[in-house]
Amino acid sequence: MIISWNVTNTCNLKCKHCYRDAGIRDPQELSSEEARSLISEIAAAGFKILILSGGEPLMRRDIYDLITFASASGVRPVLGTNGTLIDRETARHLKKAGAVRIGISLDSVNASVHDEFRQESGAWEKTVNAMKICASEGLDFQVHTTLTKYNSKEIECITDFVAAAGSRAHHIFFLVPTGRGKDITDVCLDETEYKRVLTAILKKQQKIPMELKPVCAPQFIPLAREMGMDLRFQRGCLAGISYCCILPNGDVHPCPYMPVRIGNVREIPFSVLWKTNNVFREMRSLEYKGRCGVCAYKDACGGCRARAFHMSGDYMAQDPDCFCCKVTTEHG
């Protein structure tokens with residue numbers, strides 16, 4: 001099981017797609033003591049991987065202490081960062097603290113495209129330099145790319161670029177319009193391009209050893225099966241099933257892209273929320289509506305619950321961008 005915790009809302013960038021609308025510190029941000037208690041609860045709930053994200057997690061003063069505490073608690077700490085603040089000293093601190101992998105965001109092989117999306121001149125150069133530093137310091141890293149109409153044609157080039165830089169994986173995030181992302185819905189892929197890009201990613205995976213994973217595009221699981229591929233991933237959408245998100249103030253959501261408040265860890269221990277909350281129970285029932293409810297792939301795919309919620313206000317509704325279920329219900 002894997003969990004994402006936005007440890008702070010503070011950020012040094014103003015990325016156009018930011019689901020958290022990050023920038024200014026949340027005055028209700030969990031304290032160091034509360035943070036350690038939360039990590040203990042996360043471990044008690046059975047989670048194995050903790051993604052420390054933001055905002056920009058490196059702007060939280062106690063980030064190294066939290067990484068060390070998570071590691072000592074039996075949880076594998078991973079950092080999700082824009083990469084612009086990683087210098088050699090920072091990389092060494094992260095490695096010493098016990099970070100097992102660094103997730104670095106890169107959206108194009110073209111510096112101007114990346115910088116425009118991240119709204120910061122010079123961001124691309126700093127991010128690429130961070131990848132080089134991590135590689136030279138023996139700190140495992142993977143690259144995260146947010147997919148839009150602007151970079152969908154170069155996704156394989158980005159994969160080749162980060163593989164050459166030493167990345168252990170390339171995770172490709174299909175944009176869900178939430179947070180500041182609601183202002184750029186025009187750059188989301190349409191259904192035809194969505195399927196084309198997913199197919200291209202899977203064909204690329206057949207050619208290279210580095211792990212490629214589409215995120216917020218659960219149809220990659222049934223599509224891979226139809227292509228005869230044997231992936232280590234067994235399910236597409238994990239929201240509420242084996243994954244959830246915690247906000248800087250302790251609010252719990254099923255995923256970062258679904259603004260459905262489950263509760264707050266200051267009020268109810270996280271391990272209790274995870275095991276007993278009715279929203280989580282409903283999501284784990286897999287009793288979806290519409291096409292997703294009758295799809296033969298619902299156990300493997302599940303549709304994107306965040307995209308369903310964005311379009312209908314119902315997290316159990318059918319995924320509006322799904323193409324696999326149409327094929328399955330008509331011919332399966």
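For R180, the CZ atom is densely surrounded, since the number of other residues' heavy atoms within 6.0 Å is greater than 12. In the displayed structure, F161 atom CZ is contacted under 6.0 Å by more than 12 heavy atoms of other residues, nucleotides or ligands. For K203, the NZ atom sits in a loose shell: 12 or fewer heavy atoms of surrounding residues, nucleotides or ligands are nearer than 6.0 Å. By the 6.0 Å contact criterion, NZ on K149 is enclosed, its count of non-hydrogen atoms from other residues, nucleotides or ligands being greater than 12.
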Between R261 and E267, is the salt bridge (Lys or Arg N to Asp or Glu O under 4.0 Å) condition met? List the steps. CA-CA 13 Å; R261 186 179 184 273; E267 301 164 359; 3.7 Å; yes
Pair D314, S312 - check side chain to side chain donor-acceptor pair (under 3.5 Å), show working.
CA-CA 5 Å; D314 182 356; S312 68; 5.4 Å; no
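Looking at S32 and R61, their side chains never bring a donor and an acceptor atom within 3.5 Å of each other. Between the side chains of H310 and T178, no donor-acceptor pair of N or O atoms lies under 3.5 Å. Defined by atom type and a distance below 3.5 Å, a donor-acceptor pair is present between the side-chain atoms of Q219 and Y194. Using a 3.5 Å distance cut-off with no hydrogens or angles, the side chains of E120 and T84 do not pair a donor with an acceptor. No side-chain donor from either of N9 and N249 sits under 3.5 Å from a side-chain acceptor of the other. A donor-acceptor contact closer than 3.5 angstrom links the side chains of D87 and T90.
Side-chain N or O atoms of D107 include none that pairs as donor or acceptor with a backbone N or O of H114 at under 3.5 Å. Here the side chain of R307 pairs no donor or acceptor atom with the backbone of P320 at under 3.5 angstrom.
If you chain together hydrophobic residues whose side chains sit under 4.5 Å apart, V75 and M1 fall into the same group.
The shortest side-chain heavy-atom distance between R281 and T276 falls under the 4.5 Å cut-off. No side-chain heavy atom of I184 sits less than 4.5 Å from a side-chain heavy atom of Y150. Between E56 and T10 there is no side-chain heavy-atom pair separated by less than 4.5 Å. Put simply, the side chain of C245 reaches to within 4.5 Å of the side chain of R20, judged on heavy atoms. Put simply, the side chain of L79 reaches to within 4.5 Å of the side chain of I63, judged on heavy atoms. Between L175 and L147 the shortest side-chain heavy-atom distance does not fall below 4.5 Å.
Summarising the geometry of M227 relative to Q206, their closest heavy-atom pair is O-NE2, 4.0 Å, with the distance given to 0.1 Å.
The pair D65-R36 fails the salt-bridge criterion, with no side-chain N (NZ, NE, NH1 or NH2) lying under 4.0 Å from an Asp/Glu carboxylate O. Look at E89 and R92 and you find no salt bridge, because none of the NZ, NE, NH1 or NH2 atoms lies under 4.0 Å from a carboxylate O.
Under the side chain to side chain contact (heavy atoms under 4.5 Å, CB included) test applied with H253, the options V260, L247, I262 reduce to a single match, L247.
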